Participant: 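The structure is given below, and queries will be raised subsequently.
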Amino acid sequence: MRRALITGAAGFIGSHLAERLIADGLAITGVDNFVSGARENVEALAGPRFAFHERDVSGGLEWVEGPLDYVLHLASPASPPDYLKYPIETLLVGSAGTHAALELAARTGAVFLLASTSEIYGDPERHPQNESYWGNVNSIGPRSCYDEAKRYAEAATMAYRRARGVNTRIVRIFNTYGPRMRVEDGRAVTNFAAQALRGEDITIYGDGSQTRSFCFVSDLVEGLVRLIRSEVEEPVNLGNPAEMTILEMAKIVIELSGSSSKIIHKPLPVDDPRRRRPDISRAREKLGWEPKVEFREGLRRTIDYYLAAGKI
Ligand code: NAD
Ligand code: UDP
């Protein structure tokens with residue numbers, strides 16, 4: 001039986017990926033320290049093909065025993081309020097944590113996947129962003145703990161590929177949403193959905209003209225699975241190119257949730273990217289992948305989950 005280790009398995013994307021790989025017949029070892037994950041995500045995975053260890057990846061993975069086919073490194077705070085609260089831990093999991101996961105892949109001969117991010121493009125001067133763009137990141141701004149940790153993690157991944165022959169993959173994930181995102185994680189989709197369902201004011205940062213492109217989690221997971229089964233060694237953008245302003249997104253949330261919430265404006269965070277849209281030509285061409293779930297459909301499923309799970 002093939003076996004994968006997932007760091008960040010208690011998180012939003014990690015738990016969906018674990019669920020998918022278990023359904024595909026793999027055995028999964030999950031590692032998470034719950035800094036931004038949820039115990040219920042792990043409990044939902046319980047079964048004969050899922051083992052879990054509550055550990056900090058940054059402390060090393062020498063203790064992992066047995067053969068592995070994949071090391072999938074997803075551990076990292078990902079929501080801006082989370083990484084701004086834990087900047088040092090975020091830098092550590094991107095650096096020491098990535099080294100630990102790469103060492104494990106080197107030791108076991110496993111395929112290694114780094115969950116990188118569109119944030120490595122910073123506040124992009126090129127639009128849409130393709131993988132050859134080097135980015136525009138402020139190395140000393142508040143977001144740098146995340147952006148630079150991920151840029152370092154990409155550099156470490158390439159160094160282990162070149163110097164140690166590790167079979168690596170790098171995915172640059174663009175804004176992804178869906179069931180199991182923590183209601184309180186502070187990201188735009190979760191904030192707006194919770195505010196709309198509670199009848200509270202919708203908090204738009206700045207004038208709402210900044211753009212993002214939102215990908216539903218099942219589409220992302222399909223892309224991740226295709227990537228780890230491929231031989232693609234260059235970084236690959238995965239995201240939904242349907243770009244919208246944050247104001248447009250807020251209005252869709254209000255409409256779909258049948259809310260009477262009104263929109264208010266708060267200050268724009270420092271270094272908040274003005275626009276973001278993935279160029280997914282590489283994923284289309286090399287993985288035969290493209291997203292299928294339109295934003296309104298994905299949002300409906302997310303809202304249904306929050307209501308059914310009693311999260312709001
Ligand atoms: P998440 O916060 O829900 O999940 C991250 C998980 O990693 C959490 O369960 C957390 O407890 C765990 N973790 C963090 N540091 C750890 C450590 N030192 N040791 C062990 N576990 C640790 O976030 P997510 O949205 O599921 O993101 C997963 C990955 O995808 C992250 O690496 C993130 O940077 C990347 N990503 C996500 C998005 C997105 O839109 N969701 C976009 C770009 C990149
Ligand atoms: N945002 C907002 N209101 C909120 C949360 C976020 O207007 O309550 C904005 C945020 O400033 C950014 C966009 O929505 O411009 C997406 O934010 P998110 O935290 O979801 O992801 P990011 O792309 O910034 O990592």
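Every number for a ligand or one of its atoms is a count from 1 in the order of the listing. What you see is a predicted model, and the numbers here were worked out from it, not measured in a lab. Because only heavy atoms are used, hydrogens play no part in the values below, and waters and symmetry mates are left out as well, while side chains stay in.
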Participant: Taking non-hydrogen atoms within less than 4.0 Å of ligand 2, which protein residues qualify?
Facilitator: P80, E119, R143, N175, G186, R187, A188, N191, F192, T203, I204, Y205, Q210, R212, I246, P269, D272, R276

Participant: Would you check if there is a donor-acceptor pair between the side chains of Y160 and E103 at a distance under 3.5 Å?
Facilitator: yes

Participant: Between S139 and E148, is there a side-chain donor-acceptor contact under 3.5 Å, judged purely by atom types and distance?
Facilitator: no

Participant: Does the side chain of F50 reach to within under 4.5 Å of the side chain of I22, using non-hydrogen atoms?
Facilitator: yes

Participant: State the OG1-NZ distance between T98 and K150, to the nearest 0.5 angstrom.
Facilitator: 7.0 Å

Participant: Have T203 and Q195 got a donor and an acceptor in their side chains that come within less than 3.5 Å?
Facilitator: yes

Participant: Would S15 and R180 satisfy side-chain hydrogen bond (donor to acceptor under 3.5 Å, both in side chains), going step by step from the backbone distance to the final call?
Facilitator: CA-CA 9 Å; S15 62; R180 297 194 201 141; 3.1 Å; yes

Participant: Measure from the side-chain N and O atoms of D69 to the backbone N and O of R3, and report whether any donor-acceptor pair falls under 3.5 Å.
Facilitator: yes

Participant: Collect the protein residues that have a non-hydrogen atom under 4.0 Å from ligand 1 and hand them over in chain and number order.
Facilitator: G8, A10, G11, F12, I13, D32, N33, F34, V35, S36, G37, R55, D56, V57, S58, L74, A75, S76, P77, A78, V93, A115, S116, T117, Y146, K150, I173, N175, T176, R187

Participant: Take D272 and R212, measure what salt bridge (charged side-chain N to carboxylate O under 4.0 Å, His left out) needs, and give me the verdict at the end.
Facilitator: CA-CA 11 Å; D272 198 272; R212 293 294 185 273; 3.2 Å; yes

Participant: Could you tell me whether the side chains of R126 and Y121 share a donor-acceptor contact shorter than 3.5 Å?
Facilitator: no

